[in-house]
Amino acid sequence: QVQLVESGGGLVQAGGSLRLSCAAPGRTISTYNMGWFRRAPGKEREFVTAITGSGGSTYYADSVKGRFTISRDNAKNMVYLQMNSLKSEDTAVYYCAATRKLLSLRGPAGYDYWGQGTQVTVSS
């Protein structure tokens, strides 16, 4: 079992930035691929970004490409999501996820473990 704990959400004005963090207390996550998903009110959970265990490959949804950056620090068992140029449509609960499955990292079915989520609200 892998416990994931997100933090860093909050209220920000459009055009602003936030940095989300995902911690895996007591767990070495270097062998896990990690992802961020989000769920906006009334919508399905959607893929945001993912990073492989080594950090060598990253993947982004078209809607966030060029604005969001995923990174990880395996020594600290942490994953980060830097969000810049935020828009009102980025408002959602953001979830961190971990997996060792060899499935697509762009779909929620590809992940085994999920955090509880952190709310991001972008005011226009």
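Taking both residues in full, the closest heavy atoms of Arg38 and Ala92 are given as CB-CB, 3.8 Å, listed atom of the first, atom of the second, then distance. Nearest heavy atom pair, residue Ser17 against residue Asn84, reads OG-OD1, 2.9 Å. The minimum heavy-atom distance linking Ile70 with Met34 is given by the pair CD1-O, 4.1 Å. Closest of all the heavy-atom pairs between Asn77 and Thr28 is OD1-CA, 3.4 Å.
A donor-acceptor pair is defined here as one N or O able to donate and one able to accept, closer than 3.5 Å; no such pair exists between the side chain of Arg106 and the backbone of Ala50. In this structure, Ser88 contributes its side chain and Ser123 its backbone to no donor-acceptor pair below 3.5 Å. Counting only distance, with no hydrogens or angles, the side chain of Asp73 and the backbone of Met78 share no donor-acceptor pair below 3.5 Å. Between the side chain of Thr118 and the main chain of Glu6, no donor-acceptor pair closer than 3.5 Å is present. In this structure a side-chain-to-backbone donor-acceptor pair under 3.5 Å is missing from Arg72 to Gly55.
Of the residues Val64, Ile51, Leu20, the one that meets the side-chain contact (heavy atoms from CB on, under 4.5 Å) test with Trp36 is Leu20. Applying the side-chain contact (heavy atoms from CB on, under 4.5 Å) test between Tyr32 and each of Asn74, Thr99, Val2 identifies Val2 as the sole match.
By the criterion of side-chain heavy atoms lying less than 4.5 angstrom apart, applied directly or through intervening Ile, Leu, Val, Met, Phe, Trp or Tyr residues, Phe68 is grouped together with Leu18 in one hydrophobic cluster. Each of Ile29 and Trp114 belongs to its own hydrophobic cluster when Ile, Leu, Val, Met, Phe, Trp and Tyr are linked at side-chain heavy-atom distances under 4.5 angstrom. Linking ILVMFWY residues whenever their side-chain heavy atoms come closer than 4.5 Å, directly or via other members, leaves Tyr95 and Val122 in distinct clusters. Side-chain heavy atoms closer than 4.5 Å link hydrophobic residues (I, L, V, M, F, W, Y) into clusters, and following such links, even through other members, never connects Tyr59 to Leu81. Met83 and Val12 fall within the same hydrophobic cluster, where Ile, Leu, Val, Met, Phe, Trp and Tyr residues are linked whenever their side-chain heavy atoms come under 4.5 Å apart, directly or through other members.
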Start with the C-alpha gap between Thr91 and Gln119, add the side-chain angles, then the distance that decides, and say whether side chain to side chain contact (heavy atoms under 4.5 Å, CB included) holds.
CA-CA 8 Å; Thr91 294; Gln119 176 71 47; 4.1 Å; yes

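In this structure, Lys101 places its NZ atom where more than 12 heavy-atom neighbours from other residues, nucleotides or ligands lie under 6.0 Å away.
Ion pairing of Arg100 with Asp112 is absent here, as no side-chain N (NZ or NE/NH1/NH2) approaches a carboxylate O to less than 4.0 Å. A salt bridge does not link Lys87 to Asp90: none of the charged side-chain nitrogens sits closer than 4.0 Å to a carboxylate oxygen.
Taking the ring centroids of Tyr111 and Phe37, they lie under the 6.0 Å cut-off.
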